[in-house]
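The structure appears right after this line, and notes come after that.
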Amino acid sequence: MNITVVYGTEHKGSTYNISQLILNKLKDETSEVTEFFLPKDMPHFCIGCSQCFMNGEEHCPHFEKVNNIKLALEKADLLIFTSPVYVFHATGQMKTLLDHFGYQWMVHRPNKTMFNKMALVISTAAGAGMKSTNKDIIDSLTFWGVGRIFKYGKGVAAINWNGVSDKKKVTIFNDVDKISAKILETSKKVTPSIKVKALFYAMRMAQKKGGFNKADADYWKSQGWLETVRPW
Ligand SMILES: Cc1cc2nc3c(=O)[nH]c(=O)nc-3n(C[C@H](O)[C@H](O)[C@H](O)COP(=O)(O)O)c2cc1C
């Protein structure tokens, strides 16, 4: 299975180490693994020009960096997004990246390669906030149309991996085994969840009525989705 990982921090702490444990369970000698670290690999904030929505994503002033990540996401079977909890949410650099993919939300121009992919969202906190942090990322992945989304959040009571107690590490190793097994099982056949399909049909109805802008309307038409073609 090909895997693309987007780390919501350059800090190689608990979140990174847990991600590595899972990666090592999932990858084999045929796997292509591509990793991006934020903000290094996409350091720009969205400037709000809306060029991506109105005229096409290639008009984004940050297209080159965003497109590098987009191409790697497209070729992966599994997307892993990670973030430490910062004040109950994903890191600012992760939010900034996700903002740049607003145009591929299902309400606009969903990327058809997403519907048969899996994603795993991982967060760690000292104590609390994993649920809201994972949700920050899952909201985007769901509206991108990612077929199956797994999540893992862990309160590690530490500010780095060395500080995580041996007792906690044992629970993490067990969780890693379980979640990796689930992903490997699902990878045999990935179909979009009911939620993703329901969202697609709701957006299709809006597009049938003309959509929100010409770029979106032309896109949905060109994909054949207003007729019988489906992205999965
Ligand atoms: C700016 C900042 C904000 C944080 N906010 C929270 C928080 O809201 N809740 C929490 O439990 N821990 C919080 N923490 C602690 C980290 O989430 C926690 O140590 C995490 O495991 C760090 O992950 P890392 O080792 O991968 O960098 C915060 C840490 C930083 C640096």
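Note that ligands are numbered from 1 as they come in the structure, with each ligand's atoms numbered from 1 the same way. Hydrogens, waters and symmetry mates are skipped; everything else that's a heavy atom, side chains included, is used.
Summary of contacts: the protein heavy atom closest to atom 20 (C) of ligand 1 is T124 OG1, 3.3 Å. Counting only heavy atoms of the protein, atom 31 (C) of ligand 1 lies nearest to Y86 CE1, 3.7 Å. Among all protein heavy atoms, the one lying closest to atom 25 (O) of ligand 1 is S14 N, 2.8 Å. Of the protein's non-hydrogen atoms, A158 O, 2.6 Å is the one closest to atom 19 (O) of ligand 1. Nearest protein heavy-atom neighbour of atom 27 (O) of ligand 1: H11 ND1, 2.5 Å. Nearest non-hydrogen protein atom to atom 8 (O) of ligand 1 is F88 N, 3.0 Å. Scanning the protein for heavy atoms near atom 28 (C) of ligand 1, the closest one is V85 O, 3.3 Å. Protein heavy atom closest to atom 9 (N) of ligand 1, with residue, atom name and distance, is A128 O, 2.9 Å.
Every heavy atom of G129 sits 4.0 Å or more from the atoms of ligand 1. Contact annotation: T9 has no heavy atom less than 4.0 Å from any atom of ligand 1.
Between the OG atom of S180 and the CG atom of L23 there is a distance of 9.5 Å, given to the nearest 0.5 Å.
Classification of K70 and E57 as a salt-bridged pair holds, one side-chain N sitting under 4.0 Å from a carboxylate O.
For the pair K117 and W144, the cation does not sit on the ring face, since its NZ or CZ is not both under 6.0 Å from the ring centre and inside 45° of the axis.
Of the candidates E35, K12, K25, Q20 forms a side chain to side chain donor-acceptor pair (under 3.5 Å) with just one, namely E35. Just one residue in the list I80, L78, T34 forms a side-chain contact (heavy atoms from CB on, under 4.5 Å) with V5, and that residue is I80.
Of the N or O atoms in T15, one or more lie within a sub-3.5 Å distance of an N or O in ligand 1.
Taking the six-membered ring for Trp, H11 and Y16 have ring centres at least 6.0 Å apart. Within the 6.0 Å centre-distance limit, the rings of F37 and Y7 are counted as a close aromatic pair.
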